[in-house]
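First comes the structure, then the notes that go with it.
Numbers here are sequence positions counted from 1. Here the structure is a predicted model, which is why all the values come from computation and not from measurement.
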Amino acid sequence: MKITLIAERIFDGEYFHQDVPVTVEDGHILAFDTVVGAKEIRQAGTLVPGFIDVQVNGGGGALFNADPSVNCIETIGRAHARFGTTGFLPTLITDDVSVMANAADAVAEALVKGSAGVLGVHFEGPHLSVPKKGVHPQGFIREITEAELAVFCRQDLGIKVVTLAPENVSPEVIRTLVASGVKVCLGHSNADYDTVVAALAAGATGFTHLYNAMSPLGSREPGMVGAAIESETAWCGLIVDGHHVHPAAAKVALRAKVRGKMMLVTDAMPPVGMDDETSFELFGTRVLRVGDRLNAVTGELAGCVLDMATAVNNTVNLLGLPLAEALRMAALYPAQFLGIDHKAGRLALGHRADFVLLDAHNKVQANYIAGNAVYVRP
């Protein structure tokens with residue numbers, strides 16, 4: 001069945017256009033025109049590429065570590081669909097290898113089932129730096145073994161991202177991971193600049209939540225932050241919630257970093273999409289929600305109550321970026337990082353019909369994955 005959506009304007013990933021019809025067939029964009037026989041639907045607002053989030057720990061009251069199952073993944077996906085996410089990586093933080101294997105099995109099953117929005121998996125840990133662990137449980141932080149490599153190197157997990165600390169994982173192992181199709185991100189690390197550069201040379205292509213839980217930029221020791229901003233090839237995830245990174249620090253990084261290499265991430269936890277959820281359990285530690293901030297009772301920031309639509313609006317309102325660039329940071333740039341920009345991140349002929357309808361205040365009115373409305377605002 002052909003459907004033609006006619007919004008007031010569209011953003012194709014590069015430019016805004018007025019009154020351009022978008023015709024969808026079999027889950028893909030067929031034409032930017034009306035087509036004979038297509039059902040026409042007129043909509044107020046702006047149609048934009050669907051948001052892609054590479055770091056999603058939870059949502060809708062569900063936490064992937066607590067329940068590494070297909071049901072959990074789908075609950076998280078539904079929660080984030082309300083806020084424009086059309087593609088995401090369920091993210092497992094540092095845990096036992098048995099939990100990692102269960103999470104991998106769940107992701108593989110979700111991909112076979114076609115669970116909406118699931119692109120693969122992100123293992124954030126367990127090969128991290130204890131001094132930069134944040135809320136990751138120290139008891140599970142460890143050196144990499146064949147058991148973890150076997151999970152990371154599975155070929156049925158879709159897109160695989162692994163966050164690691166390069167002072168604890170050798171360049172040789174990074175090369176092995178990359179050769180097995182893993183996108184290696186660096187983070188939760190106290191590594192010096194030279195160690196980070198060596199990891200990039202070995203094939204690492206990303207940095208997990210820039211500034212947070214990584215060696216800082218100094219005048220004589222650039223640290224991981226300096227290496228991340230300096231790199232012209234690696235992407236950086238950025239949490240724009242007003243808590244994790246000061247707006248001034250984010251602005252400095254955006255001005256210094258090569259355009260197109262900074263992407264929005266949520267680092268989302270279970271309260272996303274659950275207005276009445278004020279706390280949850282994380283490895284036996286209570287995490288408390290105060291407004292849009294999450295802190296463990298021990299004081300550390302513990303992920304986010306952040307969604308991609310809010311991240312886009314914060315990027316405009318807190319950082320002063322144009323809406324077009326904020327939308328690219330939420331869709332095109334993560335698609336490029338994941339290597340799927342040939343089918344996602346833009347509104348283009350032949351691309352998957354993953355798009356979001358925003359109102360005049362950039363709030364999500366509807367979300368379409370493969371042409372199917374997965375969320376419509378009541």
Side-chain angles (χ1 to χ4, degrees), residues 1-53 80-88 116-117 240 259-260 262-264 307-336 338 340-378:
M1 179 181 178
K2 300 185 184 74
I3 298 175
T4 299
L5 302 177
I6 307 174
E8 291 174 318
R9 66 174 185 168
I10 70 168
F11 177 69
D12 62 10
E14 290 296 332
Y15 305 104
F16 287 97
H17 307 274
Q18 301 292 325
D19 298 313
V20 174
V22 180
T23 298
V24 174
E25 184 179 34
D26 297 329
H28 292 79
I29 297 175
L30 175 67
F32 289 102
D33 203 346
T34 55
V35 173
V36 174
K39 178 183 178 181
E40 294 187 7
I41 303 174
R42 292 190 174 271
Q43 299 173 307
T46 304
L47 206 62
V48 306
F51 305 147
I52 299 171
D53 191 352
H80 286 269
R82 291 175 49 193
F83 307 103
T85 297
T86 59
F88 70 102
V240 186
R259 181 174 175 268
M262 200 79 79
M263 57 188 177
L264 299 177
D307 59 77
M308 289 297 280
T310 301
V312 167
N313 280 307
N314 287 347
T315 300
V316 173
N317 297 327
L318 296 179
L319 307 186
L321 265 63
L323 176 60
E325 185 65 6
L327 292 170
R328 293 185 197 103
M329 290 172 66
L332 178 59
Y333 302 158
Q336 291 171 336
L338 296 176
I340 57 173
D341 52 303
H342 61 288
K343 60 182 179 182
R346 297 184 179 92
L347 301 186
L349 292 178
H351 280 216
R352 266 176 52 111
D354 293 348
F355 35 68
V356 178
L357 184 69
L358 301 178
D359 66 15
H361 303 288
N362 299 323
K363 301 293 186 182
V364 174
Q365 296 188 78
N367 185 352
Y368 298 84
I369 298 179
N372 299 309
V374 296
Y375 171 75
V376 177
R377 190 169 68 192

State, to 0.1 Å, how close [X] and [Y] come at their nearest heavy-atom pair, and which atoms those are.
| X | Y | result |
| --- | --- | --- |
| Ala38 | Thr23 | CB-CG2, 4.4 Å |
| Val364 | Gly84 | CG2-N, 3.7 Å |
| Met308 | Leu264 | CE-O, 3.6 Å |
| Pro334 | Met329 | CD-O, 3.4 Å |
| Gly345 | Ala335 | CA-CB, 4.0 Å |
| Pro49 | Gly13 | CG-N, 4.1 Å |

[X] side chain near [Y] side chain, heavy-atom distance below 4.5 Å:
| X | Y | result |
| --- | --- | --- |
| Leu321 | Val316 | no |
| Asn362 | Val312 | no |
| Thr85 | Ile52 | no |
| Arg9 | Asp19 | no |
| Leu319 | Val240 | yes |

Verdict with reasoning, Leu30 to Lys2, per side-chain contact (heavy atoms from CB on, under 4.5 Å): CA-CA 9 Å; Leu30 175 67; Lys2 300 185 184 74; 3.8 Å; yes
Gap between atom [atom2] of [Y] and atom [atom1] of [X] - 0.5 Å precision:
| X | Y | atom1 | atom2 | result |
| --- | --- | --- | --- | --- |
| Gln43 | Asp359 | CD | CG | 12.5 Å |
| Ile29 | His351 | CD1 | NE2 | 7.5 Å |
| Asp12 | Leu327 | CG | CG | 11.0 Å |
| Thr4 | Asp33 | OG1 | CG | 8.5 Å |
| Lys39 | Leu5 | NZ | CG | 10.0 Å |
| Lys363 | Arg377 | NZ | CZ | 9.0 Å |

Backbone N/O of [Y] and side chain of [X]: donor-acceptor pair under 3.5 Å:
| X | Y | answer |
| --- | --- | --- |
| Asn314 | Leu318 | no |
| Asn372 | Val374 | no |
| Asp354 | Gly50 | no |
| Gln365 | Ala44 | yes |
| Asn367 | Ala81 | yes |

Ring geometry between His80 and Phe88 (parallel below 30°, tilted from 30 to 60°, perpendicular above 60°):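 Ring orientation of Phe88 relative to His80: parallel.
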Val22/Phe355 under side-chain contact (heavy atoms from CB on, under 4.5 Å): CA gap, chis, key distance, verdict: CA-CA 11 Å; Val22 180; Phe355 35 68; 4.3 Å; yes
Verdict with supporting geometry, Leu357 and Thr46, side-chain contact (heavy atoms from CB on, under 4.5 Å): CA-CA 5 Å; Leu357 184 69; Thr46 304; 5.8 Å; no
With Ile10, the side-chain contact (heavy atoms from CB on, under 4.5 Å) member among Tyr15, Phe16, Phe32: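 When Tyr15, Phe16, Phe32 are each tested with Ile10, the side-chain contact (heavy atoms from CB on, under 4.5 Å) holds only for Phe32.
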Lys/Arg-Asp/Glu bridge criterion (N-O < 4.0 Å) met for Arg42, Glu8: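 No, Arg42 and Glu8 are not salt-bridged.
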Arg82 and Asp307 ion-paired at < 4.0 Å: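 Judged by the 4.0 Å cut-off on N to carboxylate O distance, Arg82 and Asp307 do not form a salt bridge.
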Cation-pi, Tyr333 ring and Arg328 (6.0 angstrom, 45 degrees):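 Ring-cation test returns no.
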Working for side-chain contact (heavy atoms from CB on, under 4.5 Å), residues Tyr368 and Val24: CA-CA 11 Å; Tyr368 298 84; Val24 174; over 6 Å; no
